[in-house]
Amino acid sequence: MTSCIKLEVHTDDRTPHKWIVALGEDVFRRFLSQGNPAVHKAFGDGSLFSPLLFGKFFDPSDAFPLWEFESDVLLSHLQSTGQSSVDWLQTDQAYVLKAELPGVGKNQVQVSVENGKIVEISGQWKEQRDPRAKDWRSGHWWEHGYVRRLELPEDADWRKTEAYLSNDVFLEIRIPKNPSTCDISHGNGAATKNSEAMPTMLFQNVVQKS
């Protein structure tokens with residue numbers, strides 16, 4: 001029996017200093033090499049929250065312009081081996097992200113929109129035992145949780161963002177496009193084809209900036 005619940009999309013999260021500690025590649029590889037099964041479920045190959053999801057290292061706490069790329073291109077190294085549990089696309093009406101959540105803490109996932117510019121998916125794979133400790137997101141966040149932050153396209157109607165969780169595992173996020181810009185983009189077929197031809201170069205530029 002399939003169960004599907006609509007998640008609350010938070011728009012007023014003003015937690016100070018969250019994600020200020022960057023995750024570096026060397027730190028991540030040492031962390032992953034500890035062999036903790038829960039860590040591998042959260043950050044392993046194909047996970048939405050893996051810094052290596054796109055083939056090259058990218059700190060998932062940095063905002064990534066996901067919908068500027070084709071999923072078949074960025075995930076080709078995973079799809080060929082059936083390891084990918086993530087997909088995204090855009091239609092004439094909306095931007096869509098689909099992902100299978102980690103096997104731990106999956107029922108604690110939180111979706112939020114930050115300043116109308118970034119959609120953020122986060123959760124904890126290990127609870128903080130000390131109630132006096134600072135928010136896990138403001139320190140070495142990967143030691144307690146996971147995150148993926150994504151830049152919203154300019155024509156995204158972020159106020160109408162919806163998130164659904166099926167069987168406590170499969171997450172789907174839908175962000176409608178502003179109606180006034182849908183018609184314009186739909187009629188500009190040449191621009192769409194040009195943008196699809198340069199995803200690799202654009203990704204390299206994004207990684208270098210990070």
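Keep in mind the model is a prediction, meaning the values are calculated, not measured.
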Main-chain N/O of S3 paired with N167 side-chain donor or acceptor, under 3.5 Å = yes
Between atom CG of D59 and atom CG of L23, what is the distance when rounded to the nearest 0.5 Å?
-> 5.0 Å
Examine distances only and state if a side-chain atom of E70 and a backbone atom of D72 form a donor-acceptor pair shorter than 3.5 Å.
-> no
Side chain to side chain, F49 and P60, heavy atoms closer than 4.5 Å | no
Residue pair I118 / L150, side-chain heavy-atom distance below 4.5 Å = no
Run the ring-centre check on W142 versus W19 and record whether the distance is less than 6.0 Å.
-> no
Ignoring hydrogens and angles, tell me if any N or O in the side chain of R149 forms a donor-acceptor pair with the backbone of S61 under 3.5 Å.
-> yes
Where do H140 and V21 come nearest, in terms of heavy atoms and distance?
-> CD2-CG1, 3.5 Å
Report yes if the side chains of F170 and K98 come closer than 4.5 Å at any heavy-atom pair, otherwise no.
-> no
Pair W67-E151, side-chain donor/acceptor within less than 3.5 Å | no
Side-chain donor/acceptor of S47 to backbone N/O of A42, under 3.5 Å = yes
Minimum heavy-atom separation for S138 to D135, with atom names?
-> OG-O, 2.7 Å
Determine, step by step, whether D13 and K18 satisfy the salt bridge (Lys or Arg N to Asp or Glu O under 4.0 Å) criterion, reporting the C-alpha distance in whole Å, the side-chain angles of both residues, the deciding distance to 0.1 Å, and the verdict.
-> CA-CA 10 Å; D13 184 358; K18 65 175 182 176; 3.1 Å; yes
For K41 against P102, the heavy-atom pair lying closest together | O-CB, 3.6 Å
For the pair S85 (side chain) and G46 (backbone), establish whether a donor and an acceptor sit closer than 3.5 Å, ignoring hydrogens and angles.
-> yes
Please round to the nearest 0.5 Å and tell me the distance separating atom CD of Q93 and atom CG of N178.
-> 13.0 Å
Considering only heavy atoms from C-beta outward, does the side chain of C4 approach that of L165 to under 4.5 Å?
-> no
Identify the heavy atoms of L53 and L48 that sit nearest to each other, and give their distance.
-> CD2-O, 3.9 Å
Pair F69-F54, ring pair (Phe, Tyr, Trp, His ring centres under 6.0 Å): steps then yes or no = CA-CA 11 Å; F69 303 92; F54 308 127; 7.6 Å; no
Using the rule that two of Ile, Leu, Val, Met, Phe, Trp, Tyr join whenever any of their side-chain heavy atoms come within less than 4.5 Å, decide whether L89 and V73 are in one cluster.
-> no
Among the clusters formed by ILVMFWY side chains lying less than 4.5 Å apart, do L97 and Y164 turn up in the same one?
-> no
Min side-chain heavy-atom separation V147-I121 under 4.5 Å | no
Side-chain heavy-atom pair E172, V96 within 4.5 angstrom cut-off = yes
Does the side chain of F43 come within less than 4.5 Å of L52's, by heavy atoms?
-> no
Kindly check if the number of other-residue, nucleotide or ligand heavy atoms within 6.0 Å of NE2 (H10) is above 12?
-> yes
Look at the side chain of T161 and the backbone N and O of W158, then say whether any donor-acceptor pair between them is shorter than 3.5 Å.
-> yes
Do the numbers put K177 on top of the ring of Y95, so that NZ or CZ is under 6.0 Å from the six-membered ring centre and no more than 45° off the axis?
-> yes
What distance separates E100 CD from D87 CG, expressed to the nearest 0.5 Å?
-> 13.0 Å
G123 and W136: which non-hydrogen atoms are nearest, and at how many Å?
-> O-CH2, 3.3 Å
Check the pair K160 / E162 against salt bridge (Lys or Arg N to Asp or Glu O under 4.0 Å), numbers first and verdict last.
-> CA-CA 6 Å; K160 296 181 179 179; E162 295 182 341; over 6 Å; no
pair V86-L78: side-chain heavy atoms closer than 4.5 Å = no
Could you go through the salt bridge (Lys or Arg N to Asp or Glu O under 4.0 Å) check for K56 and E25 one step at a time?
-> CA-CA 10 Å; K56 295 183 179 180; E25 184 170 2; over 6 Å; no
Cluster question for you: counting only ILVMFWY and a side-chain heavy-atom cut-off of under 4.5 Å, with indirect links fine, are I5 and I173 together?
-> yes
Any chance you could measure E127, atom CD, to Q108, atom CD, to the nearest 0.5 Å?
-> 5.5 Å
Could you please spell out the steps behind the side-chain hydrogen bond (donor to acceptor under 3.5 Å, both in side chains) verdict for T15 and R137?
-> CA-CA 9 Å; T15 304; R137 296 171 293 181; 2.8 Å; yes
W125 side-chain N/O to Y146 backbone N/O, donor-acceptor pair under 3.5 Å | no
When D12, I175, L152 are each screened for side-chain contact (heavy atoms from CB on, under 4.5 Å) with V113, the one that passes is L152
